[in-house]
Asker: 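Here it is, the structure, as structure tokens.
In what follows, every chain begins at residue 1, and chains take the letters A, B, ... in the order their sequences are listed. Because only heavy atoms are used, hydrogens play no part in the values below, and waters and symmetry mates are left out as well, while side chains stay in.
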Amino acid sequence: MANQNLTNAKRAKKDEFYTQRVDIEKELKHYKDQFRNKIVYCNCDDPFESKFFEYFAANFKELKLKKLISTSYAGSPIAGQMLPFREYEGLKNKKKKEPLKIEINEVKDFNLDGAVSLKDIEYLLKNNANSATPLKGDGDFRSKECIELLKKADIVVTNPPFSLFREYVAQLVEYNKKFLILGNQNAITYKEIFKLIKENKLWLGYDNGGTKWFQVPDDYDIPTESRKKIINGVKYFSMGSIVWFTNLDTTKRHEELILYKKYSPKDYHKYENYEAIEVSRYTDIPKDYDGVMGVPVTFLDKWNPDQFEIVGMAEDNGKGLSGGIWDGRNPHCVVNGSNKFKRIFIRNKKVKK
DNA sequence: AGAAGGCTCTTATGTGTACT
DNA sequence: AGTACACATAAGAGCCTTCT
């Protein structure tokens, strides 16, 4: 049963997922201009494993980055296993799997092989003691030394631990940082996250629907066969509910969603307990309805704030997030006596009342 | 017809809070 | 201190549509 799996997931609190390079490229290609002369920080990461670090190192020149910072976390299960740690000048005589920080200010043909590539990064790390250094603590994003690095950064890009997602986003907002991070689709409905979305301080990126594959530790149990694959002995797990959260501008959120349906009371039911109509799929949003509409959370992937105002969210239990259209009884949206799944309330700004 | 992708749906349960 | 609720939520599943 789905809910049993969700419950298992909740209990496990596993944060051991490695993002694929292809998923990073699919998203990051849309933001190239916004990285020019910027300091990028990838935390909750492992520079020797992370495809985030690899992507920015490989594209340092093309993106015209000013600086790239990456820190690893001691709890990472496969941290530092891939590359021989002690070879790096700044890490000699240090224990393996010790959390570290990497700072890169320039990428050029360091090894004089005629090309600029990741090999130059490796050369730099091996020969410059200042580029890779151990952290004092465990690399937790909440630690003082990591916050100091965060303060220096312009944009944070990473896949943070989902179990600490709210805390992680709160920190980014507190330090007024730009960010592009992965998160669970369910996080949209977290009170704190939804509040930011409603206030237009946070929205979704480009590549949200569909399936993303994440590398997981070998002993990670995947009960569903169709969501598991092993390539060259490396285990991957697929999830269709992982989305990008960002406060970098996107062209997508300025595109208008084309609407086809016309409103009629017979096709759209009014909720019994909210002053709004039920729209079960985003494609069914009527083009001519001037009131409040309840839509699935996946609407957010299509949201253009110039076209739709977000009024609130269902099930707020009187916390003031429903936009004042709730009768205060059943927190779910009720149609014909049955509860609907979580709904976001929107109003079309282009339809005159 | 089968595969892949896009989009919508779930309820058991840990945690916090108000009680006795 | 112990109990009974109320509340918020989960690194997924499953259905339906579109592609090959």
Side-chain angles (χ1 to χ4, degrees), chain A residues 1-20 22-23 26 44-45 73 75-78 158-169 181-195 204 206-217 219-229 235-245 252 257 260 278-285 293-303 313-322 326 328-335 338-344:
Chain A
M1 281 167 71
N3 53 299
Q4 188 56 57
N5 287 312
L6 284 171
T7 305
N8 291 343
K10 187 174 184 172
R11 189 163 35 226
K13 292 216 164 165
K14 299 247 182 186
D15 289 320
E16 305 162 8
F17 294 79
Y18 287 78
T19 314
Q20 294 281 283
V22 60
D23 286 322
K26 264 158 82 178
C44 306
D45 209 39
Y73 176 56
S76 171
I78 55 179
T158 193
N159 182 356
F162 284 12
S163 60
L164 300 170
F165 192 76
R166 271 167 298 204
E167 208 172 333
Y168 190 83
V169 171
I181 60 174
L182 285 163
N184 194 300
Q185 181 183 265
N186 281 339
I188 292 169
T189 63
Y190 296 176
K191 288 192 302 291
E192 301 84 350
I193 303 297
F194 180 76
K195 199 160 173 287
L204 299 189
Y206 291 87
D207 181 38
N208 299 314
T211 302
K212 290 186 184 72
W213 292 88
F214 293 86
Q215 186 187 338
V216 293
D219 60 356
Y220 188 81
D221 186 40
I222 305 171
T224 312
E225 207 55 36
S226 65
R227 292 174 188 273
K228 172 165 70 180
K229 73 176 178 187
K235 197 167 183 178
Y236 296 91
F237 177 37
S238 93
M239 281 169 283
S241 54
I242 308 300
V243 299
W244 291 94
F245 290 88
K252 187 174 165 180
L257 181 62
Y260 301 95
E278 158 74 1
V279 181
S280 307
R281 292 192 298 268
Y282 81 88
T283 47
D284 290 342
I285 296 171
M293 301 173 274
V295 292
V297 295
T298 44
F299 162 79
L300 219 61
D301 192 36
K302 324 291 174 193
W303 182 38
M313 178 174 69
E315 300 173 56
D316 77 331
N317 298 301
K319 301 292 195 304
L321 287 175
S322 70
W326 184 36
R329 295 203 295 259
N330 188 340
H332 299 85
C333 291
V334 183
V335 176
S338 70
N339 293 343
K340 305 302 291 185
F341 187 60
K342 197 96 173 182
R343 291 290 185 253
I344 290 176

Asker: Report the distance from atom CZ of A/Phe162 to atom P of C/dA8, rounded to the nearest whole Å.
Answerer: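 Atom CZ in A/Phe162 sits about 22 Å away from atom P in C/dA8.
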Asker: Requiring both pairing distances under 3.5 angstrom, list the stems that contain DNA chain B and are made of three or more consecutive Watson-Crick or G-U pairs.
Answerer: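 So the stems come out as B:1-9 with C:12-20, B:11-20 with C:1-10.
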Asker: If you check every side-chain atom of A/Tyr282, which of B/dT10, B/dC7, C/dT9 has the closest atom?
Answerer: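 The closest nucleotide is B/dC7.
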Asker: Would you kindly give the CG-to-P distance between A/Asn186 and B/dT11, to the nearest whole Å?
Answerer: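 So the two atoms are 14 Å apart, to the nearest Å.
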Asker: Starting from C1' on B/dG5, measure out to NZ on A/Lys26 and report it in whole angstrom.
Answerer: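 Rounded to the whole Å, the gap is 10 Å.
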Asker: Round to the nearest Å and state the distance from A/Lys228 atom NZ to C/dG12 atom P.
Answerer: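 Value for this atom pair: 14 Å.
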Asker: Given atom CG of A/Asn339 and atom C1' of B/dC9, what is their separation to the nearest angstrom?
Answerer: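 Taking CG of A/Asn339 and C1' of B/dC9, I get 13 Å after rounding.
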Asker: Residues two or more places apart in sequence or in another chain: which of them pass side-chain contact (heavy atoms from CB on, under 4.5 Å) with A/Ser238?
Answerer: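 With sequence neighbours excluded, A/Ser238 shows a side-chain contact (heavy atoms from CB on, under 4.5 Å) to A/Thr211, A/Trp213, A/Arg227, given in chain and number order.
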Asker: From the set B/dT10, C/dT9, C/dG12, return the single nucleotide nearest to any side-chain atom of A/Phe341.
Answerer: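 For A/Phe341, the side-chain atoms sit closest to B/dT10.
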Asker: Holding to salt bridge (Lys or Arg N to Asp or Glu O under 4.0 Å), I want the full list of residues that pass it with A/Arg281, two or more places apart in sequence or in another chain.
Answerer: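 By the salt bridge (Lys or Arg N to Asp or Glu O under 4.0 Å) rule, A/Arg281 matches A/Asp284.
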Asker: Of the listed nucleotides (B/dC7, B/dT10, C/dG12), which one gets closest to any side-chain atom of A/Gln185?
Answerer: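 The nucleotide sitting nearest to the side chain is C/dG12.
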Asker: Please compare A/Glu315 and A/Ser238 by the position of their nearest nucleotide in DNA chain C and report the one closer to 5'.
Answerer: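 Its nearest nucleotide lies further toward 5', so the answer is A/Glu315.
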Asker: Which part of the nucleic acid, if any, lies within contact of A/Lys191, taking any heavy atom under 4.0 Å across all strands shown: a base, the sugar-phosphate backbone alone, or nothing?
Answerer: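 Since only primed, P, OP1 and OP2 atoms lie under 4.0 Å of A/Lys191, the category is sugar-phosphate.
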Asker: State whether A/Arg281 places a side-chain N or O below 4.0 Å from either non-bridging phosphate oxygen (OP1 or OP2) of C/dT17.
Answerer: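 The answer is no; no side-chain N or O of A/Arg281 sits under 4.0 Å from OP1 or OP2.
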Asker: Looking at residues at least two apart in the chain, or sitting in another chain, which of them share a ring-ring contact (aromatic ring centres under 6.0 Å, His included) with A/Phe194?
Answerer: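 Counting only residues at least two positions away or on another chain, A/Phe194 forms no ring-ring contact (aromatic ring centres under 6.0 Å, His included).
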Asker: A/Asp207: what forms a salt bridge (Lys or Arg N to Asp or Glu O under 4.0 Å) with it, not counting sequence neighbours?
Answerer: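 Result, salt bridge (Lys or Arg N to Asp or Glu O under 4.0 Å) vs A/Asp207: none returned.
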Asker: Do side-chain atoms of A/Lys252 reach the backbone of A/Tyr206 as a donor and acceptor pair under 3.5 angstrom?
Answerer: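 Judged by distance alone, yes, a pair lies under 3.5 Å.
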Asker: For A/Lys235, which residues count as a side chain to side chain donor-acceptor pair (under 3.5 Å) partner, sequence neighbours excluded?
Answerer: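 Counting only residues at least two positions away or on another chain, A/Lys235 forms no side chain to side chain donor-acceptor pair (under 3.5 Å).
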Asker: Mind checking what makes salt bridge (Lys or Arg N to Asp or Glu O under 4.0 Å) contact with A/Lys229, not counting sequence neighbours?
Answerer: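 For A/Lys229, no residue satisfies salt bridge (Lys or Arg N to Asp or Glu O under 4.0 Å) once neighbours in sequence are set aside.
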Asker: Starting at atom CD of A/Glu167, determine the distance to atom P of C/dA8, rounded to an integer number of angstrom.
Answerer: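 So the CD-P distance, A/Glu167 to C/dA8, works out to 19 Å.
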Asker: Hey, which of A/Val335, A/Val334, A/Val295 is the one that makes side chain to side chain contact (heavy atoms under 4.5 Å, CB included) with A/Glu278?
Answerer: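 Single pass found, and it is A/Val335.
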Asker: Return the polar atom pairs (N/O with N/O) between nucleotides 18-20 of chain C and the protein under 3.5 Å, or none.
Answerer:
none

Asker: Quick one: is B/dC7 close enough that its OP1 or OP2 comes under 4.0 Å of any side-chain N or O from A/Lys302?
Answerer: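 The answer is yes; a side-chain N or O of A/Lys302 sits under 4.0 Å from OP1 or OP2.
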Asker: Using whole Å, what does the distance between atom C1' of nucleotide C/dA13 and atom CG of A/Asn184 come to?
Answerer: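 A/Asn184 atom CG is separated from C/dA13 atom C1' by 13 Å.
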Asker: Check salt bridge (Lys or Arg N to Asp or Glu O under 4.0 Å) between A/Glu167 and all other residues, then give those that pass, not counting sequence neighbours.
Answerer: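 A/Arg142.
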Asker: How many Å lie between CD1 on A/Ile193 and P on C/dA8, as a whole number?
Answerer: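 In whole Å, C/dA8 P lies 15 Å from A/Ile193 CD1.
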Asker: Does the side chain of A/Lys212 come within less than 4.5 Å of A/Gln20's, by heavy atoms?
Answerer: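 No, side chains not in contact.
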